[in-house]
Amino acid sequence: IFTNTKGTRMKTNVIIISVLMILMVLAGCSGSKAETGGMHEVITPYDQLNEKAMEMVANGTIAVVGEGESTREDMARDKAKQSARVALASALEVEVNALRKQFSEEIGSDGDAEVNDSWQNVSSALTKSVLRGAVSKETKLTHNGKSGKESRYKAYVIMAIDPKAVLQS
């Protein structure tokens, strides 16, 4: 009986080599993001507090997150609270003014004319509200671990106000 062991051996070798090549390619693609220079998601205290603020909003409370940064801890907290107050006031009442400008000019002669267009959009928001009953519900503080002039604190705060207090004011 005639058997073709050479052809079977060749097919087996091709399959083994193919599988090894696929494994090497997959192993090369599975490096960590830090090694490949890829971006990765960062969960910050702001994100954590914002999630809690959204839960509070779902339960009927007006809540926002503010953040502030400073070389001093107390200043970082104050900046975060002020940022949150501004966000609360904006959530309650905002007046937006917009200005749009559009310019067109034609440069050159009839057959060789060039048209330049310029468009500008500017807007500003003015917020003016009296916040009664706004309180800081939760604060988180981070520090960069450095000292001296390079020391930085970052504060995050949930500022909330009861809707009943808004209706009374």
Side-chain angles (χ1 to χ4, degrees), residues 22-105 114-169:
I22 290 171
L23 289 174
M24 287 178 16
V25 168
L26 291 175
C29 293
S30 68
S32 73
K33 292 179 182 178
E35 292 171 358
T36 62
M39 298 296 288
H40 61 280
E41 184 177 4
V42 176
I43 304 298
T44 66
Y46 182 92
D47 298 323
Q48 295 167 346
L49 290 182
N50 196 46
E51 197 172 299
K52 288 182 180 182
M54 292 302 105
E55 290 173 10
M56 295 170 75
V57 168
N59 292 327
T61 301
I62 301 168
V64 295
V65 177
E67 63 182 315
E69 186 174 346
S70 178
T71 56
R72 291 179 31 190
E73 179 183 344
D74 61 328
M75 291 292 290
R77 288 179 194 272
D78 288 344
K79 286 179 178 182
K81 288 178 184 177
Q82 183 60 23
S83 168
R85 285 186 193 103
V86 169
L88 263 181
S90 295
L92 298 173
E93 180 181 336
V94 176
E95 178 184 319
V96 177
N97 297 312
L99 171 65
R100 290 190 177 144
K101 296 179 185 179
Q102 185 171 359
F103 301 100
S104 294
E105 67 178 345
E114 179 182 321
V115 177
N116 293 325
D117 287 323
S118 174
W119 184 78
Q120 184 178 24
N121 186 20
V122 179
S123 66
S124 64
L126 174 64
T127 302
K128 183 179 179 184
S129 291
V130 176
L131 297 177
R132 291 192 182 112
V135 292
S136 173
K137 292 288 188 181
E138 186 173 342
T139 303
K140 289 194 177 198
L141 188 70
T142 62
H143 187 263
N144 65 359
K146 298 179 180 178
S147 60
K149 291 182 180 181
E150 294 181 10
S151 173
R152 301 298 289 176
Y153 290 94
K154 196 155 191 178
Y156 306 86
V157 62
I158 295 178
M159 187 72 69
I161 188 168
D162 187 349
K164 294 174 193 164
V166 174
L167 295 174
Q168 292 174 357
S169 60

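What you see below is based on every heavy atom in this structure, not just the backbone, and it leaves out hydrogens, waters and symmetry mates. Computed from a predicted model, the values in this text were never measured in an experiment.
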Donor-acceptor contacts, no H, no angles, side chain residues 142-150, under 3.5 Å, sequence neighbours left out:
unit_1	atom_1	unit_2	atom_2	d
T142	OG1	K154	O	3.3
H143	ND1	G145	N	2.9
H143	NE2	S151	OG	2.7
N144	OD1	K146	N	3.0
N144	OD1	R152	N	3.2
N144	ND2	E150	O	2.7

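- Put simply, the side chain of V135 reaches to within 4.5 Å of the side chain of K137, judged on heavy atoms.
- Contact between V65 and A84 at its shortest, heavy atoms only, is C-CB, 4.4 Å.
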Taking only distance into account, with no hydrogens and no angle test, what donor-acceptor pairs under 3.5 Å do side-chain atoms of residues 76-83 form with protein atoms, sequence neighbours excluded?
unit_1	atom_1	unit_2	atom_2	d
R77	NE	E73	OE2	3.3
R77	NH2	E73	OE2	2.9
K79	NZ	E69	O	3.0

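- Taking CG of N50 as the reference point, atom CD of E55 lies at 10.5 Å (rounded to 0.5 Å).
- Minimum interatomic distance between Y156 and E67 (heavy atoms only, all atoms of both residues): CE2-OE1, 3.5 Å.
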For residues 42-49, tabulate all N or O donor-acceptor pairs below 3.5 Å that involve a side-chain atom, not counting sequence neighbours.
unit_1	atom_1	unit_2	atom_2	d
T44	OG1	Y46	N	3.3
T44	OG1	D47	N	3.2
T44	OG1	D47	OD2	3.2
D47	OD2	T44	N	3.1
Q48	OE1	K140	NZ	2.9

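- With rounding to the nearest 0.5 Å, the separation of CD1 in I62 from CE in M159 is 13.5 Å.
- Counting all heavy atoms, side chain and backbone alike, I158 lies closest to A53 at CD1-N, 4.1 Å.
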